[in-house]
Undergrad: 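Below is a structure I'd like to ask you about.
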Amino acid sequence: MKNYSIAKSRRIRSTPYTSRIEKQGVTAYTVYNHMLLPAAFGSIEESCEHLKKNVQIWDVAAERQVQISGPDSGKLVQLMTCRDLSKSKIGRCYYCPLIDDNGNLVNDPVILKLAEDKWWISIADSDVIFFAKGLAAGNQFNVKIFEPEVDIIAIQGPKSFDLMEKVFGKTIKELKFFGFDYFDYKGVEHLIARSGWSKQGGFEVYVENTESGLDLYDYFFQIGQEFNVKPGCPNLIERIESGLLSYGNDFDNNDNPFECGFDKYVNLDTDAVFLGKEKLKKIESEGVKRKLMGVHIETNYISLTGSLDIMSDDGKIMGNLRSACYSPYFKKVIGIAMINEPFCKASETGKLEIEGKIFALKVCDLPFI
Ligand code: THG
């Protein structure tokens, strides 16, 4: 095994929590929105088990906000997404595919409506801010666009509800999924949403007051022993099993929302004005020729860099594997793959060549669990 680390520099930003997670034993990072995003604290199998039963605190500051405010902010936000936001409410989060003029995906953020004229786009790993600024300039929109100093701490896992109640009181448990509100911690108000990049339940604290956020981060560990709290991060195994998609890994700007199973977030029959709408209508009427699907692979180990071709039993290219991991639950490797017609249906079989060895695989629907 080679042993190297990411050389840090101004281009690869630390977060306010970096020194803390380094003391707590972070063992791998990825870079996301030009910022460090922890990827492992030791074994990801053990972290996955722990996340499913307990509660973890995640430094997900790399989920950056693009703030759009001003009289035309609603128009600009709608122009970027194919999800109709005309009935959106203040205090709610919306999972929204962002689409370009070709009908292809640009990002898949969570959008928070803070006020009629103030929005946060909580982005995945692509430079949405330049896309937004370009559209605003081209359309002469009256808006202000910038990246505010907001660093998210996620509290994830089944015991997150009791831990959060211990810090913020009973009312935090009344937050509905993808709702947000403001909660007091030692005299400082924090925006907290019931959301997060796991299917184990939890919250996200959008920290604007860094000093208070650091104190809160430490406090979770001080009072969380009874819930077996541990530091963690988005977990590759849990998110693949749950079918939570990752921009840049499972899909990117070469893919459209129908290919990625985002159909329920594509509203083509309303008056909403957005980029790529006519293209998406055409794609929908013609039907897609490939789809993101799950695959079960008959091996116990995989290390993916880039994507790998999947072959059909009679030697045709069936698709490509975009993410994969060993799942202790299925006791084999599972992955997310873009599968071409006529192979995109559950129980189609194929094979994969890894380092000269051939492994059998089977297509399945997402999510796995
Ligand atoms: N939280 C916040 N910002 C983020 C993420 C996050 N930005 C980057 C990345 N994650 C964006 N991608 C996703 C993908 C899935 C979900 C959230 C963000 C998600 N999906 C739910 C599901 O699929 O069940 C619910 C979607 C829905 O409303 O139906 O939670 O995690 N702040």
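We count ligands from 1, going down the list as the structure has it; atoms in each ligand are counted the same way.
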Undergrad: Do Glu204 and Ser195 pair up side chain to side chain, a donor and an acceptor below 3.5 Å, judged on atom types alone?
TA: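 Glu204 vs Ser195: donor-acceptor pair found between side chains.
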Undergrad: Which one holds for Ile152 and ligand 1: side chain close, backbone close, both close, or neither close, with close meaning a heavy atom under 4.0 Å?
TA: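 It is the side chain that gets close, since no backbone atom is under 4.0 Å.
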Undergrad: Closest approach of Phe343 and Met318, non-hydrogen atoms and distance?
TA: CG-CG, 3.4 Å
Undergrad: For atom 22 (C) of ligand 1, find the nearest protein heavy atom and state the residue, atom name and distance (0.1 Å precision).
TA: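 So the nearest neighbour among protein heavy atoms is Lys199 NZ, 3.3 Å.
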Undergrad: So, Thr349 and Asp313: side-chain donor and acceptor under 3.5 Å apart, yes or no?
TA: yes
Undergrad: Below 4.0 angstrom from a heavy atom of Phe177, which ligand 1 atoms are there? Numbered from 1 as shown, please.
TA: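 Result: 25 (C).
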Undergrad: Identify the protein heavy atom lying closest to atom 26 (C) of ligand 1, giving its residue, its atom name and the separation to 0.1 Å.
TA: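 Of the protein heavy atoms, Tyr265 OH, 3.3 Å lies nearest.
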Undergrad: At less than 4.0 angstrom from any non-hydrogen atom of Ile123, what atoms of ligand 1 do you find?
TA: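 Listed by number with element: 7 (N), 8 (C).
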Undergrad: Under 3.5 Å, N or O to N or O, is Arg83 touching ligand 1 that way?
TA: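 There is no such contact.
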Undergrad: Side chain, backbone, both or neither: which applies to Phe262 and ligand 1 if a contact is any heavy-atom pair less than 4.0 Å apart?
TA: neither
Undergrad: If we set the cut-off at 4.0 Å for heavy atoms, which region of Tyr94 has an atom near ligand 1: side chain, backbone, both, or neither?
TA: neither
Undergrad: How far is atom 1 (N) of ligand 1 from its nearest protein heavy atom, and which residue and atom is that?
TA: Glu204 OE2, 2.9 Å
Undergrad: Can you figure out which of Tyr32, Tyr95, Tyr206 has its heavy atom closest to atom 16 (C) of ligand 1?
TA: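 Nearest option to atom 16 (C) of ligand 1, by heavy atoms: Tyr95.
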Undergrad: Using 30° and 60° as the class boundaries, would you call the ring planes of Tyr206 and Trp120 parallel, tilted or perpendicular?
TA: parallel
Undergrad: Numbering the atoms of ligand 1 from 1, which are under 4.0 Å from a heavy atom of Ala124?
TA: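 The list of qualifying atoms is 7 (N), 8 (C).
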Undergrad: Give me the nearest non-hydrogen protein atom to atom 20 (N) of ligand 1 as residue plus atom name, then the distance to 0.1 Å.
TA: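 Scanning the protein heavy atoms, the shortest distance from atom 20 (N) of ligand 1 goes to Leu244 CD2, 3.9 Å.
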Undergrad: Taking only heavy atoms of Trp197 into account, list the atoms of ligand 1 that are under 4.0 Å away from them.
TA: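 Reading through ligand 1 atom by atom, the close ones are 10 (N), 12 (N), 13 (C), 14 (C), 15 (C), 18 (C), 31 (O).
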Undergrad: Would you say the side chain of Asp117 lies within less than 4.5 Å of the side chain of Ser69, judging by non-hydrogen atoms?
TA: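 Of all side-chain heavy-atom pairs linking Asp117 with Ser69, none is under 4.5 Å.
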Undergrad: Considering heavy atoms of the protein only, find what lies nearest to atom 3 (N) of ligand 1 and give residue, atom and distance to 0.1 Å.
TA: Ser122 OG, 2.7 Å
Undergrad: Heavy-atom pairs closer than 4.0 Å: do any link ligand 1 to the side chain of Phe178, the backbone, both, or neither?
TA: side chain
Undergrad: Ignoring hydrogens and angles, state whether a donor on the side chain of Asp59 or Thr15 is under 3.5 Å from an acceptor on the partner side chain.
TA: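 Per modelled atom types, Asp59 and Thr15 side chains form a pair under 3.5 Å.
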Undergrad: So, Ser126 and Asn107: side-chain donor and acceptor under 3.5 Å apart, yes or no?
TA: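 The answer is yes; a qualifying pair exists.
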Undergrad: Counting only heavy atoms not in Asn300, do more than 12 sit closer than 6.0 Å to its CG atom?
TA: yes
Undergrad: Please name the residue in the list Phe203, Phe168, Phe227 that meets the ring-ring contact (aromatic ring centres under 6.0 Å, His included) test with Phe161.
TA: Phe203
Undergrad: Does the structure place the NZ or CZ of Lys357 under 6.0 Å from the centre of the six-membered ring of Phe359, at an angle of no more than 45° from the ring's axis?
TA: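 The answer is no, since Lys357 fails at least one limit relative to Phe359.
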Undergrad: Are Ser195 and ligand 1 in contact, using a heavy-atom cut-off of under 4.0 Å?
TA: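 Heavy atoms of Ser195 never come under 4.0 Å of ligand 1.
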Undergrad: Where does the angle between the aromatic ring planes of Tyr182 and Phe180 fall among parallel (under 30°), tilted (30 to 60°) and perpendicular (over 60°)?
TA: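 Rings of Tyr182 and Phe180: perpendicular, as their planes differ by over 60°.
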Undergrad: Kindly identify the option in Asn107, Leu245, Ile121, Val110 whose heavy atom sits closest to atom 17 (C) of ligand 1.
TA: Val110
Undergrad: Identify the closest protein heavy atom to atom 6 (C) of ligand 1: which residue and atom is it, and at what distance?
TA: Glu63 OE2, 3.5 Å
Undergrad: Just to be sure I read this right, does ligand 1 sit under 4.0 Å from the backbone of Asp108, its side chain, both, or neither, counting only heavy atoms?
TA: both
Undergrad: Between Ser323 and Asn249, does any side-chain donor sit less than 3.5 Å from a side-chain acceptor?
TA: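 Judged by distance alone, the side chains do not pair up.
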